[in-house]
Novice: 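Please read through the structure below; I'll follow up with questions.
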Number of protein chains: 2
Amino acid sequence: MRNRKLGFDYSSDHFEGCPVETTLDVIGGKWKGVLLYHLIDGKKRFNEFRRLYPKITQRMLTLQLRELERDGVIHREVYKQVPPKVEYSLTEFGKTLEPIILHMKEWGEKYKDRMVNIETTLKAED
Amino acid sequence: MRNRKLGFDYSSDHFEGCPVETTLDVIGGKWKGVLLYHLIDGKKRFNEFRRLYPKITQRMLTLQLRELERDGVIHREVYKQVPPKVEYSLTEFGKTLEPIILHMKEWGEKYKDRMVNIETTLKAED
DNA sequence: CGGAATCCATGACGATACTG
DNA sequence: CAGTATCGTCATGGATTCCG
């Protein structure tokens, strides 16, 4: 994912494999799923993401947004003004991912508690 | 998401965020999506995976399978015999992920070519 | 405000060798 | 067959500082 490179390691034979890999290369980045999820209900500015997800550093936010942009999944709109303003939004292509993201969200909601319990148990073993 | 870490970084506040993260923690590992995908059509033995996916090293295969097992997504059946035989299969819990995996597979099939083209273009810029 | 640049620590991952 | 152990490398990602 983890795991998982930051992204974009499409070495030639990387794609021999199953298509699941293609999809995970796009949405599997450490924060990409989350970013895409928040874009489903509309544009977001850089610092909006930081407020929504304080854990992600400025650097990683930039890197992950850039990769999503390169993959054509999101659009970056820069307003020429002072202070600067940048808005991120899903492209039409990016919107094809919405069903998957929402599906992952539902699964996460259902089984979040279970996963937390597993983690708690494992920590107790230390 | 590694990438992504190898997985399993359920630090306490990791779960504050959106449920999409929970799901990606389970299936987002570098090879997890692929392994789960191949388990959908039945049990697989250790060396079967290696044949299906020569790129993955023995070490990584072991690690990723162990994590999936710990997450309760797959079951590891050891047959006490010589030579040893181990079969991996989806648990009932793991099967709840099938729709998502299949959905990711469909998306990957549709847009694989597009993603490869992006990569090709980027390499040409070097 | 929305970054870019630099430095640095850790951990992901591969290669290789060995084993019950 | 199905792993484990050890080692080395390099990418991942955090912290900090600076900038238009």
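Sequence lines set the chain letters: A, B, ... in the order given, protein chains first and strands last, and positions in each chain run from 1.
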Novice: Any link between Val82(B) and Phe46(B) through a network of hydrophobic side chains (Ile, Leu, Val, Met, Phe, Trp, Tyr) touching at under 4.5 Å?
Specialist: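 No, no single cluster joins them.
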Novice: Rounded to whole Å, how long is the line connecting atom CZ of Arg59(A) with atom C1' of dC7(C)?
Specialist: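 In whole Å, dC7(C) C1' and Arg59(A) CZ are 10 Å from each other.
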Novice: With nearest nucleotides of DNA chain D determined for Gln58(A) and Glu87(B) from heavy-atom distances, which residue corresponds to the more 5′ nucleotide?
Specialist: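 Per heavy-atom nearest nucleotide, the more 5' residue is Glu87(B).
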Novice: OP1 or OP2 of dG3(D) less than 4.0 angstrom from a side-chain nitrogen or oxygen of Arg66(B), does that happen here?
Specialist: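 Indeed, a polar side-chain atom of Arg66(B) lies that close.
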Novice: Which residue in the set Thr22(B), Ile27(B), Val26(B) passes side chain to side chain contact (heavy atoms under 4.5 Å, CB included) when paired with Met104(A)?
Specialist: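 Looking at Thr22(B), Ile27(B), Val26(B), the match for Met104(A) under the side chain to side chain contact (heavy atoms under 4.5 Å, CB included) is Ile27(B).
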Novice: Which part of the nucleic acid, if any, lies within reach of Arg50(B) when heavy atoms closer than 4.0 Å are counted: base, sugar-phosphate only, or nothing?
Specialist: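 If one applies the 4.0 Å heavy-atom cut-off, Arg50(B) turns out to touch nothing in the nucleic acid.
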Novice: Taking the side chain from Thr91(B) and the backbone from Gly72(B), do they hold a donor-acceptor pair closer than 3.5 Å?
Specialist: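 Side chain of Thr91(B) to backbone of Gly72(B): a pair is present.
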Novice: Indicate whether OP1 or OP2 belonging to dG13(D) is found under 4.0 Å from a side-chain N or O atom of Lys55(A).
Specialist: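 For Lys55(A), the contact criterion (side-chain N or O under 4.0 Å from OP1 or OP2 of dG13(D)) is not met.
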Novice: Does dG3(D) have its OP1 or OP2 closer than 4.0 Å to a side-chain nitrogen or oxygen of Tyr88(B)?
Specialist: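 Checking Tyr88(B) against dG3(D): at least one side-chain N or O falls below 4.0 Å of OP1 or OP2.
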Novice: Which residue, Val86(A) or Ile56(B), contacts DNA chain C at a nucleotide closer to its 5' end, judged by nearest heavy atom?
Specialist: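 The residue mapped nearer the 5' terminus is Val86(A).
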Novice: In whole Å, I'd like the distance from the CG atom of Leu61(B) to the P atom of dT16(C).
Specialist: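 After rounding, the gap between these two atoms is 18 Å.
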Novice: If Ile, Leu, Val, Met, Phe, Trp and Tyr residues are connected whenever their side-chain heavy atoms lie under 4.5 Å apart, and connections chain through other members, are Leu61(B) and Leu68(B) in the same group?
Specialist: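 They do share one cluster, since a chain of ILVMFWY contacts under 4.5 Å joins Leu61(B) to Leu68(B).
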Novice: Who pairs with Tyr111(A) by ring-ring contact (aromatic ring centres under 6.0 Å, His included), at least two apart in sequence or on another chain?
Specialist: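 Partners of Tyr111(A) under the ring-ring contact (aromatic ring centres under 6.0 Å, His included) test: Trp107(A), Phe93(B).
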Novice: Using OP1 and OP2 only, check whether a side-chain N or O of Thr62(A) sits under 4.0 Å from dG3(C).
Specialist: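 No, Thr62(A) has no side-chain N/O under 4.0 Å of OP1/OP2 on dG3(C).
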Novice: Is the shortest heavy-atom distance from the side chain of Leu65(A) to the side chain of Phe49(A) under 4.5 Å?
Specialist: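 The answer is yes; the side chains approach within 4.5 Å.
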Novice: Between the side chain of Tyr53(A) and the main-chain N/O of Cys18(B), is any donor-acceptor distance below 3.5 Å?
Specialist: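 Yes.
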Novice: Please work out which residues in residues 39-49 of chain B have a non-hydrogen atom less than 4.0 Å from an atom of DNA chain D and list them by number.
Specialist: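 DNA chain D contact set from residues 39-49 of chain B: Arg45(B), Phe46(B), Asn47(B).
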Novice: Tell me the interatomic distance from Leu63(A), atom CG, to dT12(D), atom P, rounded to whole angstroms.
Specialist: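 For the pair Leu63(A) CG and dT12(D) P, the rounded distance is 10 Å.
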Novice: If I take atom CZ in residue Arg51(A) and atom C1' in nucleotide dG2(C), what distance separates them, rounded to the nearest angstrom?
Specialist: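 Arg51(A) atom CZ is separated from dG2(C) atom C1' by 12 Å.
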Novice: Tyr88(B) ring centre to Lys44(B) NZ or CZ under 6.0 Å, with the angle to the axis within 45°?
Specialist: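 So Lys44(B) doesn't make the cation-pi contact.
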Novice: Take atom CD of Glu69(B) and atom P of dG3(D), then tell me their distance rounded to the nearest Å.
Specialist: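 My rounded result for the distance is 9 Å.
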Novice: What is the distance, rounded to the nearest whole Å, between atom NZ of Lys32(A) and atom P of dT12(D)?
Specialist: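 It is 10 Å, rounded to the nearest whole Å.
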Novice: Could you walk me through whether Glu87(A) and Arg45(A) pass salt bridge (Lys or Arg N to Asp or Glu O under 4.0 Å), step by step?
Specialist: CA-CA 5 Å; Glu87(A) 278 182 347; Arg45(A) 296 181 61 176; 5.9 Å; no
Novice: Using atom CE of Met60(A) as one end and atom C1' of dG11(C) as the other, report the distance to the nearest whole Å.
Specialist: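 It works out to 14 Å between those atoms.
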Novice: I need the CD-C1' distance between Gln81(A) and dG2(C), as an integer number of Å.
Specialist: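 To the nearest whole Å, that distance equals 12 Å.
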Novice: In sequence, state the C-alpha distance, the side-chain angles, and the governing distance for Thr23(A) and Lys105(B), and then conclude on side-chain contact (heavy atoms from CB on, under 4.5 Å).
Specialist: CA-CA 7 Å; Thr23(A) 308; Lys105(B) 180 207 158 205; over 6 Å; no
Novice: Rounded to 10°, tell me the angle between the two end axes of the helix from dC1(C)-dG20(D) to dG20(C)-dC1(D), each built from five pairs.
Specialist: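 Its terminal axes enclose an angle near 60°.
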Novice: For dG14(C), take OP1 and OP2 only and decide whether either is under 4.0 Å from a side-chain N or O of Thr57(B).
Specialist: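 Thr57(B) to dG14(C) OP1/OP2: side-chain N or O found under 4.0 Å.
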